[in-house]
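What follows is one structure encoded as structure tokens, with my remarks underneath.
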Amino acid sequence: MAPLLLGIESSCDETAAAIVEGDRHVRSNVVATQHDLHVEYAGVVPEIASRAHLQRIGPVIEKSLREAGATLQDLDGIAVGHQPGLIGSLLVGVSAAKGLAWSIDRPLLAVDHVHAHLHSPALDDTPLDYPAIGLVVSGGHSSMYHLEDAMTAKVIGRTIDDAVGEAYDKAAVLLGLGWPGGPVLDELAREGDETAVDLPISMLDRDSLDFSYSGLKTALLYAVRGQPIGRGGKAVFPRDSEDLTDERRRDLAASFQRAAITSIVRKIERALSIHPVESVIIGGGVSANSRLRRDLQALCDARGLGLRLPALRYCTDNAAMIAGLGAVQLAAGRTADLSLSASARST
Ligand code: KG4
Ligand code: ZN
């Protein structure tokens with residue numbers, strides 16, 4: 001019988017636990033979001049996040065077991081996202097996983113959160129095909145990988161400034177859409193004219209597979225607020241986001257979306273010309289983006305490549321992807337021990 005794993009995720013502002021059978025069959029997937037606690041700061045406050053994880057982790061794990069109709073004794077292992085992320089938040093999940101693994105005497109699996117995003121398209125679906133180009137696009141990450149298999153990921157490109165989700169969130173604040181604004185901006189962009197404003201599509205050097213969003217952000221800032229006028233050593237903007245008409249706001253959202261997504265799609269095209277692969281695998285919050293999904297499907301169809309996108313419920317942070325990749329590691333004998341600690345970065 002396929003092993004039954006509990007997955008635990010607490011790397012940022014989602015406290016999550018899931019029960020997964022084998023590496024793909026999700027029996028329960030519980031996510032407690034902390035959105036309400038961070039919204040007034042328009043960003044995640046690490047100290048608030050780790051305290052909230054502490055309060056929620058126990059009930060969230062209990063709920064995941066209950067919904068799966070399982071008990072702790074039924075588990076064959078416990079997988080935890082131990083890197084990368086906010087260190088105080090990660091520690092809550094790692095400590096819970098270690099305590100539980102010790103108490104039921106089952107293996108502990110240390111799972112990299114970003115690699116787990118690249119396993120998420122396999123959940124409740126068919127196995128992934130390798131080798132592949134992997135892309136993780138979220139609030140904290142914009143990285144491209146060459147994947148030999150589910151556990152072997154080599155970074156081939158990364159952002160040199162903001163992550164794409166972060167750029168979406170900042171753009172949304174500039175447009176007066178609130179936080180986190182990625183989904184709202186995506187929605188609004190569908191009604192706008194994407195050719196209204198010519199925003200830069202960042203490509204960097206000719207062979208670069210890296211991403212950059214600072215130029216696009218600045219161009220949007222000027223498009224919203226006008227060219228700054230230097231006055232007394234300070235930059236003063238002639239306009240503000242409240243001065244935008246609804247039509248202009250829609251057009252700016254559409255123009256931003258075109259520039260941000262086109263740069264990602266062209267970088268994937270570049271990567272495909274360097275690395276011959278079977279498929280393209282996408283993960284992370286921004287993989288929910290409607291234009292990214294559409295444009296990548298067109299690119300992969302034209303090249304006869306498979307495109308694997310997560311179901312919408314597995315795009316954002318969740319523990320099912322942690323348990324799923326944990327099962328792959330368990331099958332390969334790659335277990336951790338109780339000396340496991342959390343790390344802010346991928347090692
Ligand atoms: O993966 P995730 O839940 O958390 C991180 O690990 O960061 O991703 C959240 C990010 C946020 O920045 C959010 O604005 C962005 O994903 N996002 C989107 C869309 N849905 C979520 N960005 C663009 N278009 C979307 N449809
Ligand atoms: Zn994530």
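For ligands, and for the atoms within them, numbers begin at 1 and follow the listed sequence.
Closest to atom 5 (C) of ligand 1 by heavy atom, among G139, C12, A163, A172, is G139. Here the shortest heavy-atom distance to atom 18 (C) of ligand 1, taken over G182, S290, A288, C315, belongs to G182.
For ligand 1 and G165, the ligand atoms under 4.0 Å from any heavy atom of the residue are 12 (O).
A donor-acceptor contact shorter than 3.5 Å is absent between the side chain of T262 and the backbone of A259. Side-chain atoms of R248 do not come within 3.5 Å of backbone N or O of D243 as any donor-acceptor pair.
The aromatic rings of Y213 and F211 sit parallel, their planes meeting at an angle under 30°, below the 60° perpendicular limit. The aromatic rings of Y168 and F256 sit perpendicular to each other, their planes meeting at more than 60°, with 30° as the lower class boundary. Using bins of under 30°, 30° to 60° and over 60° for the plane-to-plane angle, the ring pair Y145/H115 lands in the perpendicular bin.
M144 and L272 fall within the same hydrophobic cluster, where Ile, Leu, Val, Met, Phe, Trp and Tyr residues are linked whenever their side-chain heavy atoms come under 4.5 Å apart, directly or through other members.
In terms of protein heavy atoms, atom 15 (C) of ligand 1 is closest to V286 CG2, 3.9 Å. The protein atom (non-hydrogen) at minimum distance from atom 12 (O) of ligand 1 is D169 OD2, 2.7 Å. Looking only at protein heavy atoms, the nearest one to atom 24 (N) of ligand 1 is N289 ND2, 2.9 Å. In terms of protein heavy-atom proximity, atom 26 (N) of ligand 1 is closest to D186 OD2, 2.9 Å. Of all protein heavy atoms, the one closest to atom 21 (C) of ligand 1 is G285 O, 3.4 Å.
Within 6.0 Å of CZ on R158 lie no more than 12 heavy atoms contributed by other residues, nucleotides or ligands. Remark: E247 CD is loosely packed, at most 12 non-hydrogen atoms of other residues, nucleotides or ligands lying under 6.0 Å away.
Under a 4.0 Å N-O distance rule, the pair D124/R24 does not qualify as a salt bridge.
Within the 4.5 Å cutoff, the side chain of L299 has heavy atoms near those of the V265 side chain.
Using a 4.0 Å cut-off between heavy atoms, T316 contacts ligand 1 through both its backbone and its side chain. The parts of D317 lying near ligand 1 are both backbone and side chain, judged by heavy-atom distances below 4.0 Å.
Remark: ligand 1 and E14 share no N or O pair separated by less than 3.5 Å (distance only, no angle test).
Taking backbone and side chain together, H117 holds an N, O or S atom under 2.8 Å from the Zn ion (ligand 2). Among the backbone and side-chain atoms of H113, an N/O/S atom is found under 2.8 Å from the Zn ion (ligand 2).
At least one heavy atom of G140 sits less than 4.0 Å from an atom of ligand 1.
Within D317, the N, O or S atom at minimum distance from the Zn ion (ligand 2) carries the name OD1.
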